[in-house]
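Okay, so here's the structure we're looking at.
Just so you know, ligand 1 is whichever comes first in the structure, and atom 1 is the first atom listed for that ligand. Just so you know, these numbers come straight off a predicted model, no measurement behind them.
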Amino acid sequence: MPTSTPPPRVLGVAVPSPLRRLFDYRPAGSPPPGGWAPGLRVRVPFGRREVVGVVMECRERSDLPLTELKPVSACLDSAPLPADWLWLCRFTARYYQHSLGDTLHQAMPVLLRQGRALEGRTRERWQLTAAGRDAPAEALARAPRQAELLAMLAQHPHGLANQAILAQSFSREQLMALAGKGLVDAREEPLTAGTQPDADHLLADPALPLNREQAVALSTLHERLDAYHPCLLEGVTGSGKTEIYLQLIEAVVGRGRQALVLVPEIGLTPQTLSRFRKRFRVPVVALHSGLTDHERLDAWEAAARGRAPIVIGTRSAIFTPLARPGVIIVDEEHDGSYKQQDGLRYHARDLAVARAHHHGIPLLLGSATPSLESLAKARSGEWRHLPLTHRATRHAPATLELIDLRGRPRQGGLIPPVLDAIRETLAADHQVLVFINRRGFAPTLACHACGWLAECDACDARMTLHRQPPMLACHHCDRRRALPESCPTCGSIDLRPLGSGTERTEETLAGLFPKVPVHRIDRDSTRRRDAFEQILAEVRRGEPCLLVGTQMLAKGHHLPHVTLVVVVNADAGLYASDFRALEQSAQLLVQVAGRAGRAAHPGRVLVQTLHPDDPHLRLLARRGYAALAEQLLEERRAAALPPFRFLALLRLESAKEEAANELGRRAAGALRDWLTEGELAVDCLGPVPAPMERRQGRYHLQVMLGAERRSALHRACAWLTRWLETTPEARRTRWSLDIDPQTLS
Ligand code: ADP
Ligand code: ZN
Ligand code: ZN
């Protein structure tokens, strides 16, 4: 279809490059039917390569003479990429001060990055023709299988997909034979097509009758389904949050809209998915790391065209385009995996807020232990606060019992009264979960003669002792070393493991309880695919057993037969330098505790600590997370820290300490001058060494920016990035800017 408007003279194209600008090209080749427009992918020459970029502007002018512009090599789309997705990428790039081209690139499926068309794969759906419907019974008397196939298809007035037919042990040849006789024919349909039931037949499994609190929460959500309506659903594990998600989704999908559900990396388990899939008759599209590139593109396309009513995925799923957005749900909204920690450092929860606001749709954030950011919003009334204080099933959540570690002999990190509790639990035929946040055998190896500790050559860190297989490994840079036979400093052979990791606790428990299986769950023991699921399946059978694991075990998994949870050491977060450490370790403790006593039996949670009198820990144990969070919020306010202040962190790294330092000093100096001149209320601290200054053989420094107003911080960050981009020395030092950093390391 020819367009009446003449083509633009210049296309401003975002290309995958760290440079924060568009590159101008000349339109060339045949434009798509709708003419040149923002959102079309183009193949363009860039440096010595050809890359896939996205047209962002159609203009008449360029800063360069038009004759110097290179032409685009090809337009790759017949229509622009989805508008909501383009909006989100633009917003993300601007908010995080990241290159738009790189943002777009990261936010699209791999096959689109490579230039494939935005088309999902198709399949054949077979059905009877009029002749097939009228065929007399004896027509296929000599081909009984074909007759059976015809009979099967007759039962399915909407037809059957190719795969479904082959799955019934019919062959392609039988199908083609019927087609040859004009009795059946096929049409193409998207692979992800599902039959869309009407609102009355949406549910495969009935919704549960809600308890009072759940009913209040859901009716609050129902009040405003057509506007931006941010709500924080705060409820302990097992209080029925997921049931609320399901019923909210039911309302949204029933109105013909789509639901996007984000879950933490660790939370997209087969159980979670099957719970969603069992409830609804409509397809639930899951975006997880196990998808092939083709499957990912199919899912993306189905969501963009509105054929996927329910999309569920981890962090990057926030970038899924939606034709008819209806709600965004973020489960375990406090979870650290929502923040990407390298490259484009976005926070999926924060983008969910922006996106829901943009679309004017409800936003539901759920957690047993909400982030202080979200709690502050709920307390101020900016967001609705929906509390669920009771467990939907019988038992109240277990309270934490603090166990004093001081001066007690330990075996595998555990002291005698705790070992007794484990023995009793196993004797009652229940299961025990031992949580220890250290993989490996021991945090390090020490010489008892001279005090030497195994340290990493490349990092300011100790190497972890592993036994399976035996070695020293640095968990920060992955360097490995053989175990020394004697002390490298004094030659003594009295080398001993210091402290306990999962392997050592596993070994100790296996020795103490030889009749009971001990399952270790950490990154090392679950490297093999499915290993984790296999262990969980075995544990769910309910035989008494011991589980020893890191935080992989702490979240999300339903372990109904565990009635005792032991935390080997609760102290890591208590006196850490990072201001979020306390919040995060309290969240983790509560999540671990939530594993206990979920089914028929109440649970106990024993928390070993060297600081049983620590006021924060005691507050958490006695009055729970909400009380501690309240206290932490007051402390953050007093110290002018987030959520009462906005931060950004400039990280600098270089193999040469002086180079990073020099650039940090100059950048901070230039920024301070600019801030003073503009009277902008932004603090600039540093450069200071990062908490672990030397990591992977490189020096790490940081400059911290803080402001009470986000807009002021934003302007300062924009200025700083521009300064770094235009200062030649900055090219020799690696730098990155982290807006709303989740960790200061
Ligand atoms: P959460 O997401 O807060 O951990 P779930 O929604 O998974 O809680 O609910 C915990 C358990 O309680 C699940 O087995 C769920 O089926 C059940 N449950 C939830 N709501 C109800 C209800 N209203 N009536 C009965 N059982 C419920
Ligand atoms: Zn020594
Ligand atoms: Zn290292």
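One of the N, O or S atoms belonging to Cys477 lies under 2.8 Å away from the Zn ion (ligand 3). Taking backbone and side chain together, His476 holds no N, O or S atom under 2.8 Å from the Zn ion (ligand 3).
Taking distance alone, with nitrogen or oxygen atoms compared against 3.5 Å, Pro209 approaches ligand 1 more closely than that limit. Distances between N or O atoms of Gly240 and those of ligand 1 include at least one value under 3.5 Å.
Proximity of Ala368 to ligand 1, defined as any heavy-atom pair under 4.0 Å, is not found for any part of the residue. With a heavy-atom cut-off of 4.0 Å, Arg275 touches ligand 1 through its side chain alone. The proximity of Thr242 to ligand 1, defined as any non-hydrogen pair under 4.0 Å, involves the side chain as well as the backbone. Residue Leu388 does not touch ligand 1, judged by heavy-atom distances below 4.0 Å.
Note on Glu653 versus Arg695: no salt bridge recorded, every NZ/NE/NH1/NH2 to OD/OE distance being 4.0 Å or above. Note on Lys241 versus Glu332: no salt bridge recorded, every NZ/NE/NH1/NH2 to OD/OE distance being 4.0 Å or above.
Between Cys456 and His476, every side-chain heavy-atom pair lies at or beyond the 4.5 Å cut-off.
Residue Ser371 forms a side-chain hydrogen bond (donor to acceptor under 3.5 Å, both in side chains) with just one option from Glu333, Glu583, Lys377, Gln587, and that option is Glu333.
Nearest heavy atom pair, residue Leu400 against residue Ala621, reads O-CB, 3.7 Å.
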